[in-house]
Amino acid sequence: MHFTNDEIHHLGRTMLDWYDRHHRTLPWRAEPGDAQDPYRVWLSEIMLQQTTVVTVGPYFAAFLQRWPTVTDLANADLDEVLHAWQGLGYYARARNLHKCAKVVADEYGGRFPDTEEGLLKLPGIGPYTAAAVAAIAFNRHSSPVDGNIERVISRLFALETPLPDVKPEIKEKSAALTPSDRPGDYAQALMDLGATICTPRNPACGICPWQASCEGRKSGIAPELPRKRKKPAKSTRVGYAFWIQREDGKILVRRRPEKGLLGGLYEVPGSDWRAIDAPDDVMLSEAPIKANWTELDGTVGHTFTHFHLDVTILATKISESDAAKLDGSWTTIDGLSEFALPTVMKKIVRHALKYR
Ligand code: SF4
């Protein structure tokens, strides 16, 4: 499937016309044709990775109110940023967000580089985000391809190769279609079309500006596209969480190592997470202290990107003198909200409070 230059020009024009009339109003967006604030564009793009527009809205507003400029964010304490990020998932992104703000503030005088290549040099900015910020904030001739755009392009050309193998082809086709006039609005138009009309299950082809050209619609396979390669089943890992309470009722939390899953966040101390047949005594030997443990009823389940975790909680009470030997922070239950606890740890806390 190939479009002539005239057809490409027409597709670009109809998409921009559609955007002018039907664009979504989003908190981080300027009106079509208006200049955009790169800080807002960048912040929203980082927040939107793996998360929905509805979820991001309040977080975006809260971040902007607290840190109105990239320099304000750069001057914030990392712990404050991680704390404000809670609920958006993937804390590595929050750490990179902060790191990136520092680089922009310290090395670029508080101004984001205005090209895809320049943006790619910043921490936490991959090819998609670089292209999105370059197009949307600086109106560069870049072609970001997110999940929505992937869907629209694969349908327009009726590309049947499954994801992820089809990605290079989608990128190439998408770049060839991008108009030189208002490429930022064009990218946002495709994102909006994918979110509101060319939706995963029931594309509303009857009101789509591209219906006359769309091969997926014509051949009746649009709702099946893009095809996906079957994923291998997720493995399950198991582990212990050690709920250690001091005589005064405070419990022990500690910071996880900076590197690795949930790096730098706080946790109820635990064993490593291992294959389901891991021996109990090995995991028990990883407790911060030898103690009389009581196993709480039930387990806490949590699914990460690549595996499912089942945690068993072991609880104990220890003396002030034993407590003094342990590394970490002692906190009241109410005080736990001051610590950046990832979702899995919040589930462990809730379970321990219910069953101890
Ligand atoms: Fe998507 Fe239908 Fe429009 Fe094709 S015609 S781009 S399938 S909404």
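Ligands are counted one by one from 1 in listed order, and the atoms in each one are counted from 1 as well.
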Problem set entry | Lys173 to Phe157, cation-pi by 6.0 Å centre distance and 45° axis angle | yes
Problem set entry | Enumerated ligand 1 atoms positioned under 4.0 Å from heavy atoms of Gln211 | 5 (S)
For this session: Using a strict 4.0 Å cut-off to heavy atoms of Arg155, name the atoms of ligand 1 that fall inside it.
Result: 7 (S)
So which heavy atom in the protein is nearest [atom], and how far is it from that ligand atom?
atom: atom 3 (Fe) of ligand 1; result: Cys208 SG, 2.3 Å
atom: atom 7 (S) of ligand 1; result: Ala222 CB, 3.5 Å
atom: atom 2 (Fe) of ligand 1; result: Cys205 SG, 2.3 Å
atom: atom 1 (Fe) of ligand 1; result: Cys198 SG, 2.4 Å

Exercise. Strictly by modelled atom types, are His306 and Lys234 linked by a side-chain donor-acceptor pair under 3.5 Å?
Worked result: no
What is the ring orientation for [X] with [Y], classed by angle as parallel under 30°, tilted 30 to 60°, or perpendicular over 60°?
X: Phe63; Y: Trp67; result: perpendicular
X: Phe60; Y: Trp28; result: perpendicular
X: Phe339; Y: Tyr266; result: perpendicular

Problem set entry | Cys214 near atom 4 (Fe) of ligand 1 via N/O/S, less than 2.8 Å | yes
Exercise. When you check the gap from the basic side-chain N to the acidic O, do Arg40 and Glu45 get nearer than 4.0 Å?
Worked result: no
